[in-house]
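A quick write-up on the structure given underneath.
Both ligands and their constituent atoms are indexed starting at 1 by order of listing. Nothing here was measured: the structure is a model prediction, and the numbers come from that model.
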Amino acid sequence: MNSLFITVEGIEGAGKSSNIAFTESLLRSHGHDLLLTREPGGTPLGEELRELLLGHTHDGMHDLTELLLMFAARAEHLHNKILPALEAGKWVICDRFTDATYAYQGGGRQLDTSAIATLENLVQGSRRPDLTLLLDLPVETGLARAAKRSEPDRFERQRLAFFQRVREAYLQIAHQQPERVKIIDASLELDLVQEQISNILTPFLAGRA
Ligand code: Z5A
């Protein structure tokens with residue numbers, strides 16, 4: 001396989017940052033040329049949209065505005081950054097992608113998932129990630145970890161029930177698409193989480209997946 005599009009997903013405090021760093025060093029040690037990127041963001045325009053989406057300047061933002069801005073940032077990111085990197089043979093690791101929209105805007109905000117699917121098809125055509133690592137853990141554990149870290153952003157201020165719906169939406173996607181979405185028990189110690197990631201990536205690194 002010449003290129004691979006990997007996304008990493010999970011609720012707050014799931015440990016995406018720590019485990020993306022681990023994944024990056026594992027892939028680099030196997031000689032892969034990588035693009036490490038994130039959503040919302042990843043391009044100059046996308047990073048500006050990220051500030052609007054996560055900051056508190058627009059606390060009353062309508063849920064549909066939020067959905068459309070997520071896909072506006074994604075269109076820019078996918079077409080100007082991710083696809084060119086994949087076409088150049090790079091492996092791409094993206095911190096969140098469209099599964100986050102199904103989880104947060106679909107599950108959390110309870111927007112119509114068929115509207116999300118319409119935007120997904122418009123922006124992405126048939127392009128989907130090749131592999132998604134879903135870091136799953138109880139909401140209470142994730143929020144306790146996240147609370148120790150920094151001031152809450154616009155999403156982190158949501159209530160427990162919101163994040164429970166986000167977690168359930170992620171798990172539903174994983175059960176519907178088990179070939180692509182691999183569930184990782186992120187409640188364990190970091191070395192045990194990384195062992196699971198390593199086991200999932202081994203067939204890809206050996207060219208068997
Ligand atoms: N969003 C959306 O609504 N719709 C969309 O389509 C997209 C995004 C793409 C920004 O995402 C927000 O955008 C996000 C959803 C929304 N909501 N929020 N908030 P983000 O990815 O930038 O924000 P985040 O979820 O807060 O990610 P993060 O800051 O990168 O958190 P994390 O990576 O999951 O956690 P961490 O920083 O790696 O770990 C948290 C703490 O736990 C830290 O102190 C670690 O040392 C510790 N940790 C990590 N693993 C362990 C283990 N195994 N044991 C014990 N402690 C651990």
Name the closest protein heavy atom to atom 27 (O) of ligand 1, giving the residue it belongs to and the distance to 0.1 Å. K16 NZ, 3.2 Å
R74 heavy atoms within 4.0 Å reach ligand 1 at atoms 6 (O), 9 (C)
Distance to 0.1 Å, residue and atom name: give those for the protein heavy atom nearest to atom 6 (O) of ligand 1. T101 OG1, 2.6 Å
Atom indices of ligand 1 within 4.0 angstrom of Q105 heavy atoms, with elements: 2 (C), 3 (O), 4 (N), 5 (C), 6 (O)
Looking only at protein heavy atoms, which one is nearest to atom 17 (N) of ligand 1, and how far off is it? E12 OE2, 2.8 Å
Which pairs would a plain distance check flag for residues 138-148, meaning a side-chain donor or acceptor within less than 3.5 Å of a matching protein atom at least two apart in sequence or in another chain?
residue, atom, partner, partner atom, Å
R145, NH1, G13, O, 3.2
R145, NH1, A186, O, 3.3
R145, NH2, A186, O, 3.0

Which one of V8, I82, T37 satisfies the side-chain contact (heavy atoms from CB on, under 4.5 Å) criterion with F97? I82
Assign the ring pair Y104 / Y170 to parallel, tilted or perpendicular, where the plane angle (0 to 90°) is split at 30° and 60°. perpendicular
Can you sort out which atoms of ligand 1 are near D95, meaning under 4.0 Å from one of its heavy atoms? 21 (O)
Indicate whether atom 43 (C) of ligand 1 is within a distance of less than 4.0 angstrom of some protein heavy atom. no
Which residue and heavy atom of the protein sit nearest atom 7 (C) of ligand 1, plus the separation: A100 CB, 3.6 Å
Looking at F71, does the NZ or CZ of R74 lie under 6.0 angstrom from its six-membered ring centre and within 45 degrees of the ring axis? yes
Closer than 4.0 Å to some heavy atom of P40 - which atoms of ligand 1 meet that? 7 (C), 8 (C), 9 (C), 13 (O)
Candidates K16, R50, R38 - the one meeting salt bridge (Lys or Arg N to Asp or Glu O under 4.0 Å) with D95: K16
Of all the atoms in ligand 1, which lie at a distance below 4.0 Å from a heavy atom belonging to L54? 10 (C), 12 (C), 13 (O)
What atoms in ligand 1 come closer than 4.0 Å to a heavy atom of R50? 20 (P), 22 (O)
Shared hydrophobic cluster for L190 and L27 (ILVMFWY, side-chain gaps under 4.5 Å): no
Go through ligand 1 atom by atom and flag the ones less than 4.0 Å from a non-hydrogen atom of S18. 38 (O), 49 (C)
Give the cluster check for I183 versus I11: same hydrophobic cluster or not, with ILVMFWY residues linked at side-chain heavy-atom distances below 4.5 Å. yes
Sub-4.0 Å protein heavy atom next to atom 19 (N) of ligand 1: yes
Give yes if a backbone or side-chain nitrogen or oxygen of G10 is under 3.5 Å from a nitrogen or oxygen of ligand 1, and no if not. no
Which of the numbered atoms in ligand 1 are under 4.0 angstrom from any heavy atom belonging to E39? 9 (C)
Ranked by distance from atom 37 (O) of ligand 1, the top protein heavy atom is R149 NH1, 3.1 Å
Tell me, which protein residue and heavy-atom name are nearest atom 54 (N) of ligand 1, and how many Å apart are they? R145 NH2, 3.3 Å
Do the side chains of I200 and I197 get nearer than 4.5 Å, heavy atoms only? no
I need the nearest protein heavy-atom contact for atom 2 (C) of ligand 1: residue, atom name and distance, please. M70 CE, 3.3 Å
Which residues satisfy the side chain to side chain donor-acceptor pair (under 3.5 Å) test with K81, sequence neighbours excluded? none
Interatomic distance, N121 atom CG to T98 atom OG1 [nearest 0.5 angstrom]: 10.0 Å
Please lay out, stage by stage, how Y102 and E120 fare under the test side chain to side chain donor-acceptor pair (under 3.5 Å). CA-CA 10 Å; Y102 281 103; E120 179 181 34; 2.6 Å; yes
Yes or no: does L188 have any heavy atom under 4.0 Å from an atom of ligand 1? yes
Below 4.5 Å, heavy atoms only, C-beta onward: do D99 and R180 meet side chain to side chain? yes
In terms of residue, atom name and distance, what is the protein heavy atom nearest to atom 24 (P) of ligand 1? R96 NH2, 3.8 Å
Kindly indicate whether the side chain of Q196, heavy atoms from C-beta on, has any atom under 4.5 Å from the side chain of L188. yes
L205 vs L26 side-chain heavy atoms within contact, under 4.5 Å: yes
Note: R38, heavy atoms under 4.0 Å from ligand 1, region reported as neither
N/O of S17 under 3.5 Å from N/O of ligand 1, yes or no? yes
Return yes or no for this condition: an N or O of V193 is under 3.5 Å from an N or O of ligand 1. no
